[in-house]
> 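Before I ask anything, here is the structure I am working with.
Starting from 1, each residue takes its place in the sequence as its number. Every heavy atom of this structure was used, including side-chain atoms; hydrogens, water molecules and symmetry mates were not.
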Amino acid sequence: MDSKEAIAPIEDEDNKVITVKLSPQDGGDVVDIKAKKKTKVQRLIDAYASQRGIDAKTLRLFTPDGNRMNSGQTLAELQIEDGDQIEVMMTQLGGC
């Protein structure tokens, strides 16, 4: 018996494209960035800095739960989902 079964392509979660919202601490406009789940956080930092015209080294990103994101982590590792809002903070130096 020759039965041909339709083989559905397996969707690789790491290759899934999601949209994340980067929300600045100063209440400015939210920036939407499309990325794959295997994208490293550093790429988000670079993209945001480029769009805003600021130095990427001064930025820190935080998960929706408030945990700091390390630049070497991927969105999949951090369990970031489509539509999640990521907080963007600028490093503050100095003082009185």
Side-chain angles (χ1 to χ4, degrees):
M1 288 185 198
D2 290 324
S3 64
K4 295 184 180 180
E5 294 179 26
I7 300 174
I10 299 173
E11 185 175 319
D12 185 7
E13 275 296 311
D14 288 346
N15 286 324
K16 182 179 178 185
V17 176
I18 62 172
T19 301
V20 292
K21 300 173 184 304
L22 282 92
S23 175
Q25 73 184 47
D26 62 4
D29 293 334
V30 173
V31 175
D32 290 339
I33 296 182
K34 291 187 179 206
K36 292 182 180 179
K37 292 192 80 167
K38 66 181 179 181
T39 300
K40 294 194 180 214
V41 171
Q42 186 62 49
R43 301 250 344 229
L44 295 181
I45 292 170
D46 293 341
Y48 182 85
S50 174
Q51 286 187 14
R52 298 287 237 148
I54 55 178
D55 184 7
K57 294 177 186 173
T58 65
L59 298 176
R60 303 292 179 260
L61 301 185
F62 293 85
T63 65
D65 298 332
N67 298 318
R68 183 169 172 196
M69 301 167 81
N70 294 320
S71 61
Q73 291 178 300
T74 65
L75 298 177
E77 291 171 347
L78 294 163
Q79 299 177 352
I80 301 297
E81 299 297 329
D82 190 37
D84 280 354
Q85 187 162 319
I86 296 172
E87 298 294 323
V88 180
M89 304 282 180
M90 292 186 68
T91 304
Q92 298 178 357
L93 299 175
C96 293

> Is it possible for you to say whether Phe62 and Ile33 belong to one hydrophobic cluster, with membership spreading through side-chain heavy-atom contacts below 4.5 Å?
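No.
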
> Write down the atom of Thr19, the atom of Lys34, and the distance for their closest heavy-atom approach.
OG1-CG, 3.5 Å

> To the nearest 0.5 Å, what is the distance between CG on Asp46 and CD on Gln51?
11.5 Å

> Please name the pair of heavy atoms, one in Lys36 and one in Leu75, separated by the smallest distance, quoted to 0.1 Å.
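The pair with the smallest heavy-atom distance is O-CD1, 3.6 Å.
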
> Given the rule that I, L, V, M, F, W and Y join up when any side-chain heavy atoms are under 4.5 Å apart, are Ile54 and Val41 in one cluster?
yes

> Would you find a donor on one side and an acceptor on the other, under 3.5 Å apart, between the side chain of Asp26 and the backbone of Gly28?
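Answer holds: yes.
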
> Is it possible for you to say whether Met89 and Tyr48 belong to one hydrophobic cluster, with membership spreading through side-chain heavy-atom contacts below 4.5 Å?
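Each belongs to a different hydrophobic cluster.
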
> Would you call Glu81 and Lys37 a salt bridge, taking side-chain N to carboxylate O under 4.0 Å as the test?
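Yes, this pair counts.
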
> Among Val31, Thr39, Ile80, which residue satisfies the side-chain contact (heavy atoms from CB on, under 4.5 Å) criterion with Val20?
Ile80

> Would you name the heavy atoms of Arg52 and Asp29 that are closest together and state the gap between them?
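Result for this residue pair: NH2-O, 3.8 Å.
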
> Do Ser71 and Leu61 come within less than 4.5 Å of each other through their side chains, counting heavy atoms only?
no

> What distance separates Asp84 CG from Ile18 CD1, expressed to the nearest 0.5 Å?
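Here the interatomic distance stands at 7.0 Å.
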
> Grab the two heavy atoms, one from Gln73 and one from Glu77, that are nearest each other, plus how far apart they are.
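Heavy-atom minimum between the residues: CA-OE1, 3.2 Å.
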
> Could you check if a side-chain atom of Glu87 sits within less than 4.5 angstrom of a side-chain atom of Ser23, using non-hydrogen atoms only?
yes

> Compare every heavy atom of Met90 with every heavy atom of Gln25, then report the nearest pair and how far apart it is.
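Closest pair (atom of Gln25, atom of Met90, distance): OE1-N, 3.0 Å.
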
> What's the shortest heavy-atom distance between Asp55 and Thr58, and which atoms?
O-OG1, 2.7 Å

> Distance check, rounded to the nearest 0.5 Å: Arg60 atom CZ versus Ile45 atom CD1?
7.5 Å

> I need the Gln42 CD to Thr74 OG1 distance, nearest 0.5 Å.
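Separation between the atoms: 14.0 Å.
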
